[in-house]
Amino acid sequence: LEILYDVQLKVEIIKQQEMLECPNLLKKHYKLESNKPVLREIRLVDPHFRPFLYAETLFYQDNISDDIREELFYSDIPIGKIIEKNKLEYYREILEYGIIRDLNISNHLGLSDDEWFIYKVCSTSHQGKDLFLICEYFPIGHLNLSE
């Protein structure tokens with residue numbers, strides 16, 4: 001998105017806590033582990049706080065280094081940039097994608113109730129350990145891909 005729109009994006013955390021209930025689109029891909037993951041809900045915003053994307057992420061604290069965990073909890077840096085900054089070699093797999101309407105997501109992005117979103121669910125692992133399960137939502141009407 002930063003390359004496409006020539007903008008610097010940062011994370012605005014909506015909620016970040018131990019997962020109590022798994023979000024709908026992540027449920028079928030969530031693997032039960034001994035420790036509950038942290039559920040992180042964010043928006044990626046530009047310097048004027050205009051939202052570009054909404055995301056729900058499960059991350060497994062026990063499988064992540066202390067440095068990465070600290071940045072997830074206390075910085076406004078997107079996950080991809082945190083991984084790059086820490087030179088973490090990882091495997092990412094797209095598990096599902098599609099189109100959806102969701103009032104909650106529309107509200108988080110300040111969009112109308114009838115907005116459609118492209119969503120993508122992907123998993124990220126390092127040395128066979130699950131790190132992240134992420135669902136990103138992109139507002140179709142605001143992508144302006146035809147320009």
Side-chain angles (χ1 to χ4, degrees), residues 1-33 35-65 67-86 88-126 129-145:
L1 287 176
E2 288 185 330
I3 293 169
L4 183 63
Y5 294 107
D6 190 28
V7 65
Q8 290 291 318
L9 298 175
K10 64 181 181 176
V11 169
E12 182 179 86
I13 296 174
I14 296 167
K15 180 173 36 172
Q16 186 166 256
Q17 64 188 38
E18 185 177 283
M19 183 184 74
L20 301 174
E21 185 177 338
C22 191
N24 286 338
L25 289 175
L26 297 178
K27 277 183 186 174
K28 67 180 163 185
H29 305 289
Y30 170 59
K31 298 175 189 170
L32 290 175
E33 298 215 357
N35 294 321
K36 283 189 178 179
V38 171
L39 172 59
R40 173 183 167 107
E41 293 179 52
I42 64 102
R43 297 188 309 175
L44 284 183
V45 298
D46 69 8
H48 304 288
F49 294 96
R50 290 180 297 205
F52 278 68
L53 166 136
Y54 172 78
E56 299 164 321
T57 302
L58 301 182
F59 70 87
Y60 302 92
Q61 293 187 77
D62 295 344
N63 298 346
I64 297 172
S65 72
D67 291 340
I68 292 175
R69 186 178 24 239
E70 288 293 312
E71 289 189 84
L72 287 168
F73 278 113
Y74 304 110
S75 79
D76 61 2
I77 302 170
I79 288 174
K81 287 185 177 183
I82 291 172
I83 289 172
E84 184 179 311
K85 178 181 170 190
N86 286 274
L88 184 70
E89 292 183 20
Y90 67 96
Y91 173 75
R92 187 179 89 186
E93 179 180 9
I94 296 175
L95 304 171
E96 180 181 344
Y97 56 89
I99 298 173
I100 191 172
R101 263 190 187 152
D102 187 288
L103 180 59
N104 183 50
I105 298 165
S106 293
N107 288 337
H108 281 303
L109 294 176
L111 301 172
S112 67
D113 298 353
D114 61 349
E115 185 74 38
W116 285 94
F117 299 91
I118 295 172
Y119 73 88
K120 173 183 74 173
V121 177
C122 63
S123 66
T124 305
S125 61
H126 171 69
K129 293 182 180 179
D130 293 323
L131 302 179
F132 304 104
L133 183 59
I134 303 170
C135 188
E136 299 172 314
Y137 302 88
F138 307 87
I140 293 173
H142 292 75
L143 291 176
N144 297 325
L145 296 177

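Predicted model only: the values in this text are computed from it and were never measured.
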Check: Asp114/Ser112 side-chain N/O donor and acceptor closer than 3.5 Å: yes

Can you see which heavy atom on [X] is nearest to which on [Y], and at what distance?
| X | Y | result |
| --- | --- | --- |
| Leu9 | Lys81 | O-NZ, 4.4 Å |
| Leu39 | Glu21 | CD2-O, 4.0 Å |
| Leu25 | His29 | O-CD2, 3.6 Å |
| Leu53 | Ala55 | CD2-CB, 4.0 Å |
| Asn107 | Asp113 | OD1-OD1, 4.3 Å |
| Ile77 | Arg40 | O-NH2, 4.0 Å |

Test side chain to side chain contact (heavy atoms under 4.5 Å, CB included) applied to Glu71 and Asn86, step by step: CA-CA 10 Å; Glu71 289 189 84; Asn86 286 274; 3.0 Å; yes

Euclidean distance, [Y] [atom2] relative to [X] [atom1], rounded to 0.5 Å:
| X | Y | atom1 | atom2 | answer |
| --- | --- | --- | --- | --- |
| Asp102 | Glu115 | CG | CD | 12.0 Å |
| Tyr74 | Ile13 | OH | CD1 | 10.0 Å |
| Leu95 | Leu26 | CG | CG | 9.5 Å |
| Asn104 | Leu109 | CG | CG | 9.5 Å |
| Ile134 | Ile94 | CD1 | CD1 | 11.0 Å |
| Met19 | Lys36 | CE | NZ | 6.5 Å |

4.5 Å side-chain heavy-atom contact, [X] and [Y]:
| X | Y | answer |
| --- | --- | --- |
| Ile82 | Leu72 | yes |
| Lys27 | Asn24 | yes |
| Tyr119 | Ile105 | no |
| Phe52 | Asp46 | yes |
| His126 | Ile83 | no |

Test item: Asn63 side-chain N/O and Asp130 main-chain N/O as donor-acceptor pair under 3.5 Å: yes

Main-chain N/O of Leu133 paired with Ser123 side-chain donor or acceptor, under 3.5 Å: no

Set of residues satisfying salt bridge (Lys or Arg N to Asp or Glu O under 4.0 Å) with respect to Arg101, sequence neighbours excluded: none

Contacts of Tyr54 that satisfy ring pair (Phe, Tyr, Trp, His ring centres under 6.0 Å) - sequence neighbours left out: His108, Tyr137

Residue pair Ser106, Phe117: steps toward the side chain to side chain contact (heavy atoms under 4.5 Å, CB included) verdict: CA-CA 9 Å; Ser106 293; Phe117 299 91; 3.4 Å; yes

Check against side chain to side chain contact (heavy atoms under 4.5 Å, CB included), Val121 and Lys28: CA-CA 11 Å; Val121 177; Lys28 67 180 163 185; over 6 Å; no

Side chain to side chain contact (heavy atoms under 4.5 Å, CB included) evaluation trace for Lys10 with Val45: CA-CA 6 Å; Lys10 64 181 181 176; Val45 298; 4.0 Å; yes

CD/Glu93: more than 12 non-hydrogen atoms of other groups inside 6.0 Å: yes

Ring centre gap for Phe59 and Phe73 strictly below 6.0 Å: yes

